[in-house]
Structure formats: structure tokens, C-alpha cells
J.: 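I am attaching a structure below and will ask some questions about it afterwards.
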Amino acid sequence: MHVSVFNPASPQATELLWLWNVCMWVCGFVLAAVTLPILFIVVRYRQHGNDEPPQIAGSKNLEIIWTLIPLALVGFLFVLSITTARAVDHPIRREPDIIVTGHQWWWEVGYPASNAVTANEIHVPVGRDMLIGIEAADVIHDFWVPRLGRKIDAIPGRRNFIWIRADQAGDYQGACAEYCGAQHAWMRFRVVAQDPAAYDSWLNGQAAAAVAPVSGDAKLGQARFGELTCANCHNIRGINAQKQYGPDLTHIAGRKMLAAERIENTPENLKKWLHQPNIIKPNCEMPNLKLSDSDLTALTALLESLK
Ligand code: CUA
């Protein structure tokens with residue numbers, strides 16, 4: 001999974017890279033125009049000691065020239081910045097397609113037009129402009145997918161917006177870009193760009209309620225999920241539906257990663273996570289419930305059944 005801003009995969013990121021390149025060339029030119037003459041003078045006149053050359057006091061022409069050149073450069077960059085900003089941030093004239101909420105330390109992902117709620121994995125259809133509303137539940141976070149667009153703050157109590165359009169199918173790494181506490185570095189996510197048919201079928205699957213297990217460890221796990229208070233924080237739509245505090249688990253087995261990209265989503269890792277979440281993510285909000293082996297097996301079986 002490539003993450004580089006130098007390898008843009010959306011119209012927005014392409015515009016930003018272009019602006020960045022222009023700024024680099026202009027600023028590089030200024031740097032060279034200032035430092036090279038200084039270096040030349042330092043070397044050329046180093047032998048003369050206190051024997052100063054004739055001094056010039058005041059030159060109207062020089063003053064005008066070195067006022068106009070920077071003014072023209074700054075004006076040029078200002079206009080480019082405005083045109084780029086207009087190309088990146090289109091007007092907001094409708095409800096967002098997706099609402100992403102930053103939490104310490106994971107991302108809640110809701111699709112308001114359907115019931116779908118997931119975590120740390122944002123699916124989008126290739127080639128379609130998607131409007132994402134960005135919110136925060138606790139402290140300020142910052143949503144950033146380097147290959148798809150700019151950074152945008154997630155601020156408690158307000159909704160910001162960002163447009164995203166992935167031009168190629170694939171997974172794009174995203175990260176929190178504003179320090180937000182102990183696990184800031186592991187507050188990652190991914191954007192999964194799929195062809196529209198695959199996206200629609202994914203969205204329908206996510207919107208559906210979970211199928212309650214009918215037998216075995218998974219069935220036992222469903223009972224323990226309620227008894228052990230997991231259900232106080234996590235939703236499994238179709239099985240319980242409290243107000244959600246932690247990530248929605250309705251289709252957790254279908255996600256690629258766990259704990260905001262910290263570990264791969266395998267049955268072994270899931271079990272390790274349930275056993276000692278604070279070893280995998282120190283200070284995370286998920287408590288260590290000191291689960292017994294049989295509870296670990298039952299809960300893992302339940303969660304693995306939630307495709
Ligand atoms: Cu959330 Cu840094």
C-alpha cells in the first residue's frame with residue numbers, strides 16, 4: 001500500500017502536488033538567487049580585510065526592483081494557491097455521502113444514506129466524487145489520506161467537509177495528522193476504492209444486520225458478549241444496539257485490519273487483542289476484562305462469524 005504524496009491518485013491530490021512543485025521551483029530559485037551571490041562575494045572579497053570598497057547609500061531603482069520582484073512572486077503564488085484551493089474544495093451543496101468521526105484512537109465511518117456503520121475502513125466507488133463530513137468525538141484529530149487529498153481537522157462540535165475521488169481501485173493508507181494522545185501514531189485507517197458494482201454490494205452487506213449465530217462457540221460468545229459488558233460499548237446490529245461508544249462490530253470479520261491498522265485481522269490477532277488490548281495499544285480505551293480462555297474462544301468465534 002503506497003502512501004506517498006508524490007504519487008497522487010485523485011484529481012485533488014494531483015492539483016496539490018502541482019502547487020507544491022511550483023512553490024518548490026519558485027522558492028528554490030529565490031534561495032539560489034540570494035545564497036549564490038552571497039557565497040560568491042564571501043569568497044571573492046575575503047582577502048580585503050578592513051579595506052572596504054566604495055559604499056553606496058540609497059538607490060531608488062534598486063529599492064523599486066527588490067520590492068517589485070518579491071511582490072510579483074508572492075502575488076503569483078497567491079493566485080495559484082487560490083485556484084488550487086478552488087479545484088480541491090468544491091462547494092458543499094448536499095448532504096455528505098460518508099460521515100467520519102475521529103475517536104481516541106480509531107475512526108468511526110457512517111454511511112447516512114444506508115444503515116452501514118464501520119470502523120477504520122472507508123470504502124468508496126472509483127471515479128465518483130464522494131463528500132465526506134469530518135467530525136470528532138473527543139479531542140481534535142486530523143483526517144489525511146496523502147494520495148487522495150489534503151488534510152482536514154476533525155473538531156469536536158463541528159462538521160468539516162472534504163471531497164475525495166479515487167481514480168484507481170486499490171487501498172490507500174490514511175492517518176491521523178494531529179497529535180491526539182498516546183496512540184496518535186496508531187490512529188490509522190484505509191480507504192478502499194472499488195469499482196461501483198463491488199462498492200454497492202459491499203455497502204448492502206454492511207447495511208444488513210448481523211446474523212445471530214445458532215450454535216457452537218459463536219452462540220456462547222453471543223451470550224458472553226452481553227454478560228461481560230462488551231455490549232455496553234460495542235454495537236452488533238441485529239444482536240444488540242446500545243448507543244455506540246467503541247467501534248461497531250456488526251461486520252468486523254470483513255475488515256482487513258484491527259485496532260486502527262495496528263494488527264492484521266486474523267483469528268489469532270483478534271484473540272490476542274481481546275486478551276490484552278493494552279499490550280497491543282498502550283493506553284487504549286478498551287479495557288482488559290481478564291477474560292478466561294473459554295470466554296476468549298467464544299468471543300473470538302462470535303466476532304469471526306460477523307462477516
Ligand atoms: Cu487522532 Cu492524532
Side-chain angles (χ1 to χ4, degrees), residues 1-90 102 134 139-155 160 162-168 170-191 261:
M1 192 160 47
H2 299 288
V3 297
S4 173
V5 285
F6 300 110
N7 187 12
S10 74
Q12 291 87 356
T14 306
E15 294 277 350
L16 291 171
L17 179 60
W18 180 80
L19 178 64
W20 195 87
N21 281 333
V22 172
C23 288
M24 275 305 289
W25 281 108
V26 169
C27 296
F29 168 77
V30 172
L31 182 72
V34 173
T35 52
L36 292 180
I38 289 177
L39 284 175
F40 171 77
I41 290 164
V42 165
V43 173
R44 170 72 179 74
Y45 296 103
R46 72 187 186 284
Q47 301 293 1
H48 291 251
N50 292 329
D51 187 12
E52 285 186 350
Q55 300 295 298
I56 307 162
S59 161
K60 206 172 189 179
N61 286 343
L62 277 178
E63 295 284 354
I64 289 172
I65 289 170
W66 62 49
T67 303
L68 286 184
I69 292 176
L71 204 62
L73 288 177
V74 171
F76 173 66
L77 294 180
F78 176 69
V79 171
L80 284 191
S81 300
I82 292 204
T83 44
T84 307
R86 288 175 64 97
V88 169
D89 291 329
H90 312 301
I134 306 287
V139 299
I140 297 178
H141 305 273
D142 192 282
F143 177 95
W144 189 31
V145 189
R147 292 191 64 196
L148 295 184
R150 69 187 187 92
K151 296 175 180 174
I152 185 150
D153 274 352
I155 300 168
N160 283 335
I162 187 170
W163 289 95
I164 272 192
R165 191 180 100 194
D167 282 334
Q168 307 145 28
D171 288 14
Y172 301 96
Q173 180 80 72
C176 180
E178 175 87 30
Y179 182 72
C180 56
Q183 287 299 327
H184 159 70
W186 283 112
M187 185 169 165
R188 298 197 183 177
F189 61 99
R190 66 177 57 208
V191 173
E261 300 271 314

J.: Distance-only, no hydrogens or angles: does the Trp163 side chain make a donor-acceptor pair with backbone N or O of His90 under 3.5 Å?
T.: yes
J.: Looking only at heavy atoms, what is the nearest atom pair of Pro37 and Ala32, with distance?
T.: CD-O, 3.6 Å
J.: What's the verdict on side-chain contact (heavy atoms from CB on, under 4.5 Å) for Cys180 and Glu178, showing C-alpha distance, side-chain angles and the deciding distance?
T.: CA-CA 6 Å; Cys180 56; Glu178 175 87 30; 5.8 Å; no
J.: Could you work out, with side chain to side chain donor-acceptor pair (under 3.5 Å) as the rule, every residue matching Asn160, not counting sequence neighbours?
T.: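 Result, side chain to side chain donor-acceptor pair (under 3.5 Å) vs Asn160: Arg158.
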J.: Tell me every residue that passes ring pair (Phe, Tyr, Trp, His ring centres under 6.0 Å) with Tyr179, counting only those two or more places apart in sequence or in another chain.
T.: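 Checked Tyr179 against ring pair (Phe, Tyr, Trp, His ring centres under 6.0 Å); matches are His184.
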J.: Check the pair Val5 / Leu17 against side-chain contact (heavy atoms from CB on, under 4.5 Å), numbers first and verdict last.
T.: CA-CA 7 Å; Val5 285; Leu17 179 60; 5.8 Å; no
J.: First locate atom OG1 of Thr14, then atom CG of Leu148, and finally report the distance between them rounded to the nearest 0.5 Å.
T.: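 Rounded to the nearest 0.5 Å, the OG1-CG separation comes to 9.5 Å.
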J.: Would you say the side chain of Ile164 lies within less than 4.5 Å of the side chain of Tyr172, judging by non-hydrogen atoms?
T.: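 No - every pair of side-chain heavy atoms lies 4.5 Å or more apart.
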J.: How far apart are the closest heavy atoms of Thr83 and Leu80, and which atoms are they?
T.: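 For Thr83 and Leu80, the tightest heavy-atom pair comes out as OG1-O, 2.8 Å.
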J.: Compare every heavy atom of Ala13 with every heavy atom of Pro146, then report the nearest pair and how far apart it is.
T.: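 In terms of heavy atoms, the two residues are closest at O-CB, 4.2 Å.
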J.: Which residues satisfy the salt bridge (Lys or Arg N to Asp or Glu O under 4.0 Å) test with Asp153, sequence neighbours excluded?
T.: none
J.: I need the Trp144 CH2 to Cys176 SG distance, nearest 0.5 Å.
T.: 11.5 Å
J.: Determine which pairs satisfy side-chain hydrogen bond (donor to acceptor under 3.5 Å, both in side chains) with at least one residue from residues 57-67, sequence neighbours left out, and list them in order.
T.: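 Residue pairs passing side-chain hydrogen bond (donor to acceptor under 3.5 Å, both in side chains), neighbours aside: Glu63-Trp66.
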J.: Supply the atom-to-atom distance Ile134 CD1 to Ile155 CD1, rounded to the nearest 0.5 angstrom.
T.: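 So the CD1 of Ile134 and the CD1 of Ile155 are separated by 11.0 Å.
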J.: Run the salt bridge (Lys or Arg N to Asp or Glu O under 4.0 Å) test against Glu261 and tell me which residues pass, sequence neighbours left out.
T.: Arg190
J.: With respect to Ile162, which candidate in Val145, Val88, Ile152 satisfies the side-chain contact (heavy atoms from CB on, under 4.5 Å) definition?
T.: Ile152
J.: Can you list every pair that meets salt bridge (Lys or Arg N to Asp or Glu O under 4.0 Å) and has a residue in residues 71-89, with sequence neighbours left out?
T.: Asp89-Arg150
J.: Roughly how far, to the nearest 0.5 Å, is OG of Ser4 from CD of Gln173?
T.: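 Spacing of CD (Gln173) from OG (Ser4) equals 13.0 Å.
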J.: Return the CG to CG distance between Leu73 and Leu68, rounded to the nearest 0.5 Å.
T.: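 It comes to 11.0 Å.
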J.: Do other residues, nucleotides or ligands put more than 12 heavy atoms under 6.0 Å from Ile56 CD1?
T.: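 No.
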J.: Between CD1 of Ile64 and CG of Leu71, what distance do you get to the nearest 0.5 Å?
T.: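 It is 12.5 Å, given to the nearest 0.5 Å.
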